[in-house]
Structures are given as structure tokens and as C-alpha cells.
Engineer: 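Below you'll find the structure I mean.
The structure displayed is predicted, hence computed values, not measured ones. Just so it is clear: chains get the letters A, B, ... in the order the sequence lines come, proteins before strands, and each one is counted from 1.
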There are 2 protein chains.
Amino acid sequence: MQTIEQLLESKNIRVTAMRLLIYKFLAEKQVAVTLSDIENAFDKADRTTLYRTVKTFEESTIVHQIDDGTGITKYALCEKGCNCDIETDLHLHFHCNNCNETVCLTEHKIPQIKVPNGFISEDINLVVKGVCDKCSGL
Amino acid sequence: MQTIEQLLESKNIRVTAMRLLIYKFLAEKQVAVTLSDIENAFDKADRTTLYRTVKTFEESTIVHQIDDGTGITKYALCEKGCNCDIETDLHLHFHCNNCNETVCLTEHKIPQIKVPNGFISEDINLVVKGVCDKCSGL
DNA sequence: TTATAAATGCACTTCCGTTGCATTGTATTT
DNA sequence: AAATACAATGCAACGGAAGTGCATTTATAA
């Protein structure tokens with residue numbers, strides 16, 4: 001079990017107070033968050049800093065970006081087995097039309113998708129929309 | 001074979017010159033287009049008109065919206081068997097990272113996606129990214 | 001033809017993503 | 001410890017796209 005500091009250092013990311021706070025915030029959240037979500041959580045911080053911090057995390061595959069169709073980019077921490085840079089390991093995302101939250105269904109891998117001849121698949125984005133478990137009451 | 005006028009009338013959409021032009025533009029295009037694409041094609045028309053026209057078309061399932069992950073909403077005409085309002089008939093979209101074009105792969109249906117207990121699937125968005133047939137040269 | 005309602009055009013706002021630049025903070029070298 | 005170099009942060013601003021309010025024009029119906 002490594003600390004956040006060790007994780008950042010292992011990725012050659014300088015450890016700062018802001019980055020630790022943002023990482024912890026993402027780790028606590030069980031859902032994908034927008035930049036505005038983070039901004040609201042730290043009203044002292046500037047949007048640009050958050051933006052660039054998340055971008056830094058993204059480039060080092062600490063977080064991955066989620067496009068859930070709301071038009072607003074969301075972010076979530078990569079998990080241990082995330083490997084979100086490898087195509088064959090993509091998981092799907094679920095967006096709840098009721099509470100507007102998006103969660104990673106990490107254990108649900110995307111099935112093999114066939115594309116026509118001549119097309120080369122490099123990346124797949126799959127978002128299922130509907131009602132989440134918290135809202136459905138099932 | 002019905003005319004565009006008949007199609008619009010059958011959907012209770014008033015036939016106007018602008019709407020006919022926009023419909024024809026979409027019909028000619030083999031790829032999904034953005035609002036700006038339409039705007040550039042008719043520099044006489046106002047963006048708001050295009051925006052609302054496409055929205056009208058969308059509500060009557062004449063066009064469907066595509067979120068290909070570029071951050072810009074795209075639109076494409078629904079085809080005969082499109083039924084894009086029915087979940088089980090969703091097709092996938094392919095976005096080319098090279099030419100930046102997005103096409104509907106209408107014949108490629110989305111496979112059944114399993115979601116965890118408590119989750120209710122209502123809609124699925126699947127975008128495959130890579131290199132299209134025109135760019136791959138295969 | 002007139003009355004009614006919808007379609008269009010213009011102006012404007014908001015939101016998000018993004019960048020430039022000055023300032024602050026961190027790390028490294030002397 | 002002081003000086004240097006560089007990265008992180010904060011501020012301001014820009015640009016693109018979506019969306020709205022309202023006045024005007026156009027089309028349908030009485």
C-alpha cells in the first residue's frame with residue numbers, strides 16, 4: 001500500500017498540497033466528477049489549477065476522462081486494474097438520467113465490437129444511460 | 001417513395017424553404033455534421049434557425065444526435081430502419097481520428113450490454129474511434 | 001383579407017475549455 | 001543559507017458552442 005505521495009513521485013509528478021487535496025477528493029467520490037464539482041469543493045482554488053492538475057493526472061493515467069454525453073467532461077480515478085490506455089481493457093460507464101451522476105462500471109468490460117472492413121478500431125467509448133441503483137430503488 | 005414535403009407533413013412539421021434546404025443538406029452528407037457545418041453551408045441563414053430546425057427534426061426522429069466525444073454535437077439523418085428512439089435498435093458510430101469525420105454504422109447493431117442489479121438501461125451510446133476506411137486505405 | 005400562430009433573425013447570455021502571463025512556490029546548486 | 005532555475009499557481013481573458021428572449025416576418029386558417 002503506497003501513499004499518494006509515493007504514487008505521484010513514481011509518476012514524476014511533483015507533490016503539492018493542491019494535488020494531494022484534489023487526489024483525495026477524487027478518491028472519496030464514488031462517481032465521476034466535473035471540473036466544476038471540484039471547483040465547488042475547493043472554493044479557494046482557481047479553476048485553471050484544477051484544470052491543469054486533472055490534466056496532469058490524466059497524462060500519467062492517474063485519472064481518466066469520461067464523456068457521458070452530458071456535454072461536460074467528467075473525470076474519475078483509475079483503479080488498480082484500470083489500464084484505461086489499453087483498448088482491450090476498457091470498462092463502460094453508466095449515466096443516471098435521474099440524479100445525473102456517472103459511475104464507472106469497472107468490472108463490466110466492453111464486449112468485442114466488430115467494425116466493417118477498412119476501419120481500424122483504436123478506442124471505444126460506451127455509455128449506458130438510464131436509472132442507477134440508488135435511484136431505481138431495486 | 002415520398003417527397004421531403006410529404007415526410008415533414010406526416011410528422012406535423014410545417015414545410016418551409018429553410019427546412020427543405022437543411023434536410024437536403026443532411027441527406028447529401030454521408031457523415032454526421034455539426035451545427036457549424038450547416039452554418040457554413042448556408043451563410044445566409046442564422047445559427048439559431050439551424051439550431052431550432054435541427055432540434056425540431058430531432059424531436060420528430062428525422063435526425064438523431066451523435067455525441068462522438070469531440071465535444072461538439074453532431075447530427076445525422078435517421079435512415080429508413082433507424083428507429084433511434086428504440087433502445088434495442090441502436091447502431092454504433094465511428095469517429096475517425098484522422099479526418100475527424102463521424103459516420104453511422106447503421107448495419108452494426110450494439111450488442112446486448114449487461115448492467116449490474118438495480119441499474120436500468122434506457123439508452124446506449126457507443127462510439128468507436130480509430131481510422132476510417134477512407135483514411136486507412138485498406 | 002384578416003386573424004392567429006409558428007418560423008425566422010438578431011442580440012445577448014451562459015457555460016466550459018483553454019491559453020498567456022505574471023507571481024508564487026519548490027527543488028537544486030553553489 | 002543564498003541564489004538560481006524551473007515548475008505550480010492564480011488572474012485575466014478569449015473562443016466556441018449551446019441556449020434564450022424578443023421583435024419581425026412568414027405561413028396557415030377562419
Engineer: Check step by step if ring pair (Phe, Tyr, Trp, His ring centres under 6.0 Å) holds for A/His93 and A/His95.
Structural biologist: CA-CA 7 Å; A/His93 297 112; A/His95 176 75; over 10 Å; no
Engineer: Does the B/Ser60 side chain pair with the main chain of B/Phe57, one donor and one acceptor, at a distance under 3.5 Å?
Structural biologist: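 Answer holds: no.
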Engineer: Write down the distance between NZ (B/Lys74) and P (D/dG16), rounded to a whole number of angstrom.
Structural biologist: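 That distance rounds to 17 Å.
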Engineer: Closer than 3.5 angstrom, by distance alone: can the side chain of A/Arg19 be matched with the main-chain N or O of A/Arg14 as a donor-acceptor pair?
Structural biologist: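 Yes, A/Arg19 side chain to A/Arg14 backbone: donor-acceptor pair under 3.5 Å.
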Engineer: How many Å lie between CD1 on B/Ile72 and P on C/dG17, as a whole number?
Structural biologist: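 Rounded to the whole Å, the gap is 13 Å.
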Engineer: Between A/Thr53 (side chain only) and A/Thr49 (backbone N and O only), is there a donor and an acceptor less than 3.5 Å apart?
Structural biologist: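 Side chain of A/Thr53 to backbone of A/Thr49: a pair is present.
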Engineer: Could you state the atom-to-atom distance from CG of A/Asp67 to P of D/dA17 in whole Å?
Structural biologist: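 So the CG-P distance, A/Asp67 to D/dA17, works out to 16 Å.
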Engineer: Round to the nearest Å and state the distance from A/Glu59 atom CD to C/dT18 atom P.
Structural biologist: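 After rounding, the reported distance stands at 11 Å.
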Engineer: Under a 4.0 Å heavy-atom cut-off, which of residues 14-30 of chain B touch DNA chain D?
Structural biologist: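 By residue number: B/Arg14.
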Engineer: Any Lys/Arg nitrogen of A/Glu101 or A/Lys134 sitting under 4.0 Å from an Asp/Glu carboxylate oxygen of the other?
Structural biologist: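 So A/Glu101 pairs with A/Lys134 through a salt bridge.
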Engineer: Using a 4.5 Å cut-off on heavy atoms from C-beta on, say whether the side chain of A/Val103 contacts that of B/Phe119.
Structural biologist: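 When only atoms from C-beta onward are counted, A/Val103 and B/Phe119 do touch, with a gap below 4.5 Å.
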Engineer: Between B/Gln6 (side chain) and B/Thr3 (backbone), is there a donor-acceptor pair under 3.5 Å?
Structural biologist: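 Checked: pair present.
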Engineer: Would you confirm whether B/Ser36, through its side chain, and B/Glu39, through its main-chain N or O, come within 3.5 Å as a donor-acceptor pair?
Structural biologist: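 No; zero donor-acceptor contacts below 3.5 Å.
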Engineer: List in numerical order all residues of residues 34-54 of chain A for which some heavy atom is under 4.0 Å away from an atom belonging to DNA chain C.
Structural biologist: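 A/Leu35, A/Ser36, A/Arg47, A/Thr48, A/Tyr51, A/Arg52, in order of number.
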Engineer: Using whole Å, what does the distance between atom P of nucleotide C/dA27 and atom CG of A/Leu8 come to?
Structural biologist: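 Going from A/Leu8 (CG) to C/dA27 (P), I get 12 Å.
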Engineer: Would you please confirm or rule out a distance under 4.0 Å between OP1 or OP2 of C/dT19 and any side-chain N or O of A/Lys55?
Structural biologist: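 For A/Lys55, the contact criterion (side-chain N or O under 4.0 Å from OP1 or OP2 of C/dT19) is met.
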